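All figures in this text were calculated on a predicted structure; none of them were measured in a lab. Numbers for residues simply follow the sequence, beginning at 1.
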Amino acid sequence: MLHVYKQVITACFLICSVPVFAQTAPVLEQEEWSSQYGIQTLDNKYDNESAVILFEKRRIEYVDVNKDIVAYKTYHTRIHINDDKGIENYNKIYLPVASNDDIVDIKARTVLPGGKIIELDKKNIKDLKEDEQLYKIFAMEGLIKGCEVEYYYIYKANFSFFGREVLQRSFPILDSRVEVVGPDRLVFESKGYNQVNPSADTVIGKKRFLTVHQENIPGANNEKYAALTASLKRVEYKLSYNNSNVSAARLFTWNELAKRAYSIYGNFSEKELKKVDGLINSNNWKNSGNEAATVIAVEHFLKTNIGTRDDINEPNAENIEWIIKNKITSYQGIVRLYGAIFKQLGVNHEFVMCGSRDDFAVDRSFENWNNCDNQLIYFPKLKKFIAPTSIEMRYPLFNPSYIGTNGVYCKNTVIGNFTTAIADIKPIVGEDYTQSSNNIEARLQLNKTLDTLIVKSRQLYSGYSAVFFRTSFNFSSEENQKELMKELVKFGTSSEKVISSKIENKEMENYQGNKPFILDMEVNASELVEKAGNKILVKIGEIIGPQVEMYQEKPRQFDMDVNYPHVLERTIEFTIPDGYKVKNLNDLTISKVYKDNNEVAMGFESSYTQEGNVIKVHVLEQYRKIQYPLAWYEDFKKIINASADFNKVTLVLEAK
C-alpha cells in the first residue's frame with residue numbers, strides 16, 4: 001500500500017488549519033430522533049425485496065479543536081424489514097470505530113407495525129475486533145416482518161482530507177445523503193461515479209456544506225464476471241482549496257503527489273548509492289546484455305533474496321544500507337532499492353501509482369490520492385512494468401486488476417540543478433491476450449474392457465494463467481502442493497487414479513520467454529465412461545474441465561470483466577474402439593463468436609475432423625478484451641454458456 005499521501009498531508013496539515021478557532025471541544029450537529037414515527041407505506045414494487053433502506057445519511061465534519069483539525073462522522077439510517085432474510089441481515093448491527101474513546105453517541109430502536117418502539121439499552125453494546133478493526137456490536141430486539149430498524153452513531157474518524165462513500169448496497173435505498181462539512185475557509189470538491197448526482201456547495205454562517213443527494217438507488221446484484229465494488233454508486237471527495245492561505249493554489253494535485261513520491265523513491269544518500277554500486281558489481285548486472293535482461297535479473301535477485309512485507313515497523317526499513325545488510329524491508333523500502341539500482345545502472349524508469357478495476361481507480365479529473373494504493377515501476381524504453389512489492393509476479397506481469405485503469409506516472413524533470421517529477425496520468429496497458437493461455441493437449445482411448453477412459457493429457461498455462469500455479473508450487477507447503485496436484489489431475493477427468501504425473505517449468509525464472517507451466521499426466525478415468533445397453537457413453541466434453549454457466553432471472557446491471565485477456569485452446573484426440581462408430585459427432589461443433597468492427601472480440605468455437613478411427617477435436621475460446629460493455633451481455637452470455645454446453649457433450653458409441 002502506498003503511504004506517500006499521508007506524509008504530504010502531514011506537511012500540509014498546519015497550512016490547512018490556520019487560522020484556528022479558540023475552542024476546546026467540537027460542536028457537532030446532532031441527528032434528530034423523532035419520538036413519533038409510524039411505519040412507512042412502501043410501493044408494491046418493493047414487495048419482493050427482503051429489506052428496503054428508507055433513508056441513509058452520512059455526515060463527515062471537520063472541526064477546529066485547539067490547534068488541530070479533527071474529523072467526526074455521523075451515520076444515520078432507517079430500514080424497513082420485509083421477510084426473514086431482512087431480519088437476519090439486521091438483527092445484529094456492526095458499527096466500525098477507531099477506538100472506544102472516539103464514540104460520541106450511539107442510538108438504535110425497533111419500530112413495530114403497531115407503533116410500539118423498542119429502544120436499545122446501551123448496556124448491551126459490545127466490542128468486537130477483527131483484522132485490527134474495532135466494532136461496536138448490538139442486537140436489535142423484537143424484529144418481525146413489517147417492522148423498521150433505525151440507528152445512528154457519531155464517532156471521531158481517522159483523519160484524512162480525502163474520502164469516499166459507497167452509496168449502493170444489496171438492498172434498495174429510497175433516499176441517500178452525504179454531507180461534507182467544515183470551516184468555511186476549507187473548500188472540498190466531490191465527484192459522483194456510476195450515475196451519481198453532482199454535489200451542491202453552500203456556506204451557512206462559518207461552515208461550508210458539500211452535499212450529495214441521491215434517490216431511488218436500486219439494490220445491487222453480485223453478478224458473475226462483474227467488478228462489483230467498482231460498479232457501485234459512490235461519491236468521492238477531497239480538499240481542494242484553503243481560502244486562508246496566502247496562495248490560492250489548488251491543493252493535493254497529481255503533480256504534488258508525483259513530486260512527493262519522487263522525493264521518497266528517487267533521492268538517495270552517497271552512502272546508499274555506494275552500497276548499491278557494490279551490489280551491482282557483485283551480481284555483474286552491468287554486463288547482462290540488454291535492458292530487459294537487466295530488469296529481469298535485478299527483479300529476480302531482489303525477490304529471491306530480500307524479504308518484503310508491509311507490516312515492518314523497523315525505523316531503518318527504508319534505508320538501503322540496512323536493507324542490503326539485513327535482507328528485509330518494507331514496501332516503501334523495496335521501491336527505493338529498485339529505484340537506486342536502476343538509477344546507478346542508467347535504466348530509465350518511472351514510479352507509477354494506481355488503483356484497481358476491482359474497486360477504485362485513478363481519475364485524471366479528480367485527484368483522490370486514496371486511489372493510489374498500488375505501486376509499479378515502468379520502463380519507457382521497454383514499455384513494460386514490474387510489480388516491486390508482489391513476490392508472485394515477474395516481468396512483465398503485475399496484478400491484472402490494474403490493467404485498463406489510469407496510473408500516476410512520475411516523470412523525471414530537471415528544474416535548474418534540482419531533479420523532481422511531474423505527473424503523467426495515462427492508462428496502464430497489459431500484455432496481449434495471446435500471452436496468457438490455458439491450453440490442453442489430450443489423447444483419449446478406451447481400455448480393453450471398454451469401461452475406463454485412458455487419458456494422456458498435458459495442461460499448459462502461460463502468462464497470467466500460470467501465476468497461481470507457479471506461486472503455489474514455489475511458495476506453499478509441500479502438503480498444499482500435493483493437494484493442488486491432486487486437484488489439477490482431477491480437473492477434466494474427475495478421477496484420482498493416476499498412472500503418472502509430472503510438472504515442468506514451475507520455476508519463477510520461466511516467466512522469462514513466457515515458458516508455460518505444464519502438468520503432464522496419465523489417468524484412468526472410469527468416471528468418464530458409462531454403458532447404456534449396447535451403447536457406450538464417453539464424456540469427452542469434461543476433458544476441458546468444469547465451466548461457468550450464466551443464467552439469471554434479474555436483468556443484468558453491470559459491465560463484464562474477465563480479469564485479464566486470454567485464450568484457451570484445447571486439442572483432443574479420441575480413438576474409437578474397433579467395431580464401434582460414433583452416432584452424434586455433430587454435437588462437437590459449436591460456434592459463438594462476437595466481432596467488434598469486424599475483429600473478433602470474444603468467442604467459443606469447437607470443431608472436429610475424423611481420420612480413420614481417430615476423432616480430432618479443436619476448441620478455441622478467447623477473450624481479447626478485459627472488459628465488455630453491458631450492451632454486449634447477451635452475446636457474452638452465449639459464449640460463456642457455449643463452453644458449458646461443450647463440457648456436457650457426451651459421445652454415443654454404437655456397435656457397427
Side-chain angles (χ1 to χ4, degrees), residues 434 437-462 488-504 516 518-547 567-593 600 603-622 639 641-656:
T434 58
S437 62
N438 177 350
N439 299 340
I440 295 173
E441 300 169 356
R443 298 196 309 268
L444 320 177
Q445 66 179 51
L446 290 162
N447 64 352
K448 291 182 179 180
T449 54
L450 305 181
D451 59 3
T452 296
L453 197 63
I454 302 171
V455 179
K456 295 180 180 180
S457 175
R458 284 167 63 85
Q459 298 177 19
L460 305 94
Y461 303 88
S462 67
L488 279 170
V489 169
K490 287 176 66 176
F491 180 85
T493 67
S494 301
S495 176
E496 295 183 4
K497 300 170 185 174
V498 182
I499 306 304
S500 64
S501 64
K502 67 176 181 178
I503 288 177
E504 302 173 25
I518 300 173
L519 169 63
D520 198 319
M521 64 180 187
E522 181 176 348
V523 178
N524 286 343
S526 58
E527 293 82 356
L528 299 182
V529 181
E530 290 183 9
K531 288 191 175 181
N534 63 346
K535 297 182 177 67
I536 301 173
L537 308 181
V538 177
K539 301 175 184 178
I540 192 171
E542 291 193 17
I543 293 298
I544 70 170
Q547 302 294 307
V567 61
L568 305 95
E569 188 169 14
R570 293 91 169 205
T571 57
I572 305 168
E573 292 188 7
F574 172 60
T575 302
I576 305 170
D578 292 339
Y580 283 84
K581 64 180 179 180
V582 179
K583 183 180 179 182
N584 60 327
L585 282 175
N586 287 336
D587 289 353
L588 294 168
T589 301
I590 300 173
S591 180
K592 301 291 181 183
V593 177
V600 173
F604 181 96
E605 297 175 279
S606 63
S607 59
Y608 75 93
T609 59
Q610 183 170 357
E611 298 177 7
N613 66 337
V614 177
I615 306 298
K616 295 183 178 181
V617 183
H618 180 255
V619 180
L620 180 64
E621 185 175 1
Q622 51 188 322
I639 290 164
N641 288 340
S643 65
D645 291 341
F646 184 89
N647 173 258
K648 298 172 186 174
V649 172
T650 296
L651 296 182
V652 179
L653 276 62
E654 293 181 331
K656 293 181 180 179

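For Phe491, the ring-ring contact (aromatic ring centres under 6.0 Å, His included) test picks out no residue, with sequence neighbours left out. With sequence neighbours excluded, the residues satisfying side-chain hydrogen bond (donor to acceptor under 3.5 Å, both in side chains) with Thr434 are Asp432. Not counting sequence neighbours, the partners of Arg458 by the side-chain contact (heavy atoms from CB on, under 4.5 Å) test are Glu441, Leu460, Glu504, Ile518, Asp520. Looking at residues two or more places apart in sequence or on another chain, you find no salt bridge (Lys or Arg N to Asp or Glu O under 4.0 Å) involving Glu569.
Among Val619, Thr589, Asn641, the one residue that satisfies the side chain to side chain contact (heavy atoms under 4.5 Å, CB included) test with Phe646 is Val619. The only option from Val489, Asn524, Thr493 that meets the side chain to side chain contact (heavy atoms under 4.5 Å, CB included) definition with Val498 turns out to be Val489. Between Arg570 and the options Glu542, Glu621, Glu605, a salt bridge (charged side-chain N to carboxylate O under 4.0 Å, His left out) holds for only Glu621.
For Ser643 against Ile544, the heavy-atom pair with the smallest separation is O-CD1, 3.8 Å. Of all heavy-atom pairs spanning Lys592 and Ile639, the tightest one is O-CG1, 3.5 Å.
Distance check, rounded to the nearest 0.5 Å: CG of Leu588 to CD1 of Ile572 gives 8.0 Å. Atoms CG and CG, from Leu651 and Leu444 in turn, are 9.5 Å apart once rounded to the nearest 0.5 Å. A distance of 11.0 Å separates CG in Leu450 from CD in Gln445, rounded to the nearest 0.5 Å. To the nearest 0.5 Å, atom CD of residue Glu522 and atom CZ of residue Arg443 are 8.5 Å apart. To the nearest 0.5 Å, the span separating NZ on Lys456 from OG on Ser500 amounts to 8.5 Å.
Two residues are said to be in side-chain contact when any heavy atoms from C-beta on lie closer than 4.5 Å; Asn647 and Asp645 fail this criterion. Ile454 is not listed as a side-chain neighbour of Leu446, based on a closest heavy-atom distance of 4.5 Å or more. With contacts defined as side-chain heavy-atom distances shorter than 4.5 Å, the pair Ile543/Phe574 does not qualify. Between Leu537 and Val652, the closest side-chain pair of non-hydrogen atoms falls below 4.5 Å.
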Can you list, pair by pair, the side-chain donor-acceptor contacts under 3.5 Å of residues 526-535, counting residues two or more places apart and other chains?
{"from": "Ser526", "atom 1": "OG", "to": "Lys497", "atom 2": "NZ", "distance (Å)": "3.1"}
{"from": "Glu530", "atom 1": "OE2", "to": "Lys539", "atom 2": "NZ", "distance (Å)": "3.0"}
{"from": "Lys531", "atom 1": "NZ", "to": "Thr449", "atom 2": "O", "distance (Å)": "3.4"}

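A donor atom on one side chain and an acceptor atom on the other are found under 3.5 Å apart for Asn447 and Asp451. Side chains of Tyr608 and Gln610: no donor on one and acceptor on the other come within 3.5 Å.
Sorted by first and then second residue, the salt bridge (Lys or Arg N to Asp or Glu O under 4.0 Å) pairs involving residues 577-591 (not counting sequence neighbours) are Lys583-Glu654.
Using a distance-only test at 3.5 Å, with no hydrogens or angles considered, a donor-acceptor pair links the side chain of Asn613 to the main chain of Ile576.
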